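Heads up: the structure comes next, in structure tokens.
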Amino acid sequence: MKALPAAESDDALMQRLKGGDGAAFGELLGRHAGAVAGFSYRMLGNAAEADDIAQETFLRLWRGREKWEPRAQVRTWLLRVAHNLCIDRFRRREVVTNEFPEVADGRPSPAAELQSKQVGRIVLEALAALPERQRSAIGLVYYEGLSNVEAAEVLGVSIDALESLLSRGRRSLRHNLSHLHPHLGEE
Amino acid sequence: MAGNDTHPRGFRLGDATVNVRAQQILATYGAAPQRWPLEERGTVLDALIQDPSITGAHRREAALDEVLAEAPRHAPSAALLTRIRAGAVPAVRRGWRATLAVLFSTPSVGFLRPLSALAGAIVLGVIVGAIWAPADDANAMAAEFVNLAFGHDFQGEPAFGSGLE
């Protein structure tokens with residue numbers, strides 16, 4: 001059985017990209033667009049805006065390719081750019097929660113909430129109700145699987161500060177989502 | 001770290017501080033060990049086994065992880081990937097413009113730059129002359145051509161019965 005060729009590392013692709021290699025850009029896009037778009041979606045709660053953020057993020061990767069420093073990890077760099085773009089959007093929107101009504105207000109009946117789609121929507125709304133940096137921290141660590149070191153680097157904070165953001169965010173989520181799971185209200 | 005009973009921050013397994021830290025990690029990173037800090041993973045797992053009081057916290061965080069997993073996911077569509085690629089890597093850059101860019105940016109063939117300017121000026125002059133030549137001048141040139149070829153007698157349409165039929 002013929003062995004599959006080993007996947008080229010992100011660093012090797014970035015070296016090719018520095019030379020203007022469009023195929024290397026396509027490969028990096030395929031690898032990381034999901035993380036960037038997914039993270040942006042959970043930050044903004046809007047698929048079209050998340051797509052815009054993904055497009056702008058990768059455009060910046062292309063434009064800045066010649067100045068790329070091998071010290072940075074591609075995924076971490078992309079998520080940092082996406083995070084900053086999301087924060088810019090928040091500033092422009094002013095009141096982000098307009099699109100995400102507070103979970104505590106007017107909760108639907110428990111039976112209806114058990115519908116998977118509605119539960120998903122409620123979770124998204126609970127995430128949106130978090131302060132931006134707590135939402136970013138949970139998005140990076142819980143959903144994108146970044147290590148604490150990587151997530152702290154993306155957010156530009158210490159590990160201790162990251163842990164504080166994560167624990168406060170999860171505490172709020174436990175409180176706001178406690179009606180969805182019997183074990184969530186346990187202390 | 002498994003088998004090492006010293007906590008990376010200097011605690012010893014069995015200490016209350018280790019249990020406190022284990023609970024902190026659960027409340028911070030959730031119930032899945034792959035999200036815990038690598039250097040503390042073994043210690044937290046050991047604490048979970050040895051101290052049943054932590055299992056309540058573990059169960060609670062596992063419930064939150066389960067609920068959070070219900071959040072809808074957004075995957076980029078193929079159309080988006082195509083749009084991003086087309087926006088970042090313009091098609092023309094891969095074609096004749098890329099070739100020209102290489103030619104004119106290479107020092108060893110830099111002399112092509114003035115030559116290309118001269119050639120461009122000549123082509124532009126010919127095109128402008130052909131388009132903007134006044135109609136009268138064009139007719140005069142045509143008449144001169146006919147005179148040279150056939151003599152002055154051959155002017156305009158010959159009349160019927162003129163002997164030239």
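The structure presented is a predicted model; accordingly, all values stated were derived computationally and were not measured. Protein chains get the first letters and strands the later ones, always in sequence-line order, with residue 1 at the start of each.
Contact count versus chain B (heavy atoms, under 4.5 Å) is highest, among A/L127, A/N148, A/L146, A/I138, for A/N148. Annotation: maximal heavy-atom pairing with chain A below 4.5 Å, among B/P37, B/A32, B/A63, occurs at B/A63.
Between the side chain of A/R121 and the backbone N or O of B/A71 there is no donor-acceptor pair closer than 3.5 Å. Judged by distance alone, with hydrogens and angles left aside, the side-chain atoms of B/Y29 form no donor-acceptor pair with the main-chain N or O of A/S167 at under 3.5 Å.
With contacts defined as side-chain heavy-atom distances shorter than 4.5 Å, the pair A/L59/B/I84 does not qualify. Using a 4.5 Å heavy-atom cutoff, the side chains of B/L64 and A/Y142 are not in contact. Looking only at side-chain heavy atoms (C-beta outward), B/D65 and A/R170 come within less than 4.5 Å of each other. Taking 4.5 Å as the limit, every side-chain heavy atom of B/I25 sits out of range of all side-chain heavy atoms of A/E163. With contacts defined as side-chain heavy-atom distances shorter than 4.5 Å, the pair A/S147/B/L38 does not qualify. At a threshold of 4.5 Å between non-hydrogen side-chain atoms, the residues B/H74 and A/R42 do not count as touching. Contact of the B/L68 side chain with the A/Y143 side chain is registered, since non-hydrogen atoms from C-beta on lie closer than 4.5 Å.
Both the backbone and the side chain of B/E61 come within contact range of chain A, judged by heavy atoms closer than 4.5 Å. Heavy atoms of B/L81 lying under 4.5 Å from chain A belong to its backbone as well as its side chain.
Rounded to the nearest 0.5 Å, atoms CD (B/E66) and CG (A/L177) are 12.5 Å apart. With rounding to the nearest 0.5 angstrom, the NE2 atom of A/H181 is 10.0 Å from the CD atom of B/E70. Between the CG atom of A/L166 and the CZ atom of B/R35 there is a distance of 11.0 Å, given to the nearest 0.5 Å.
Scanning all heavy atoms of the two residues, the minimum distance from B/P72 to A/L124 falls at CG-CD2, 3.9 Å.
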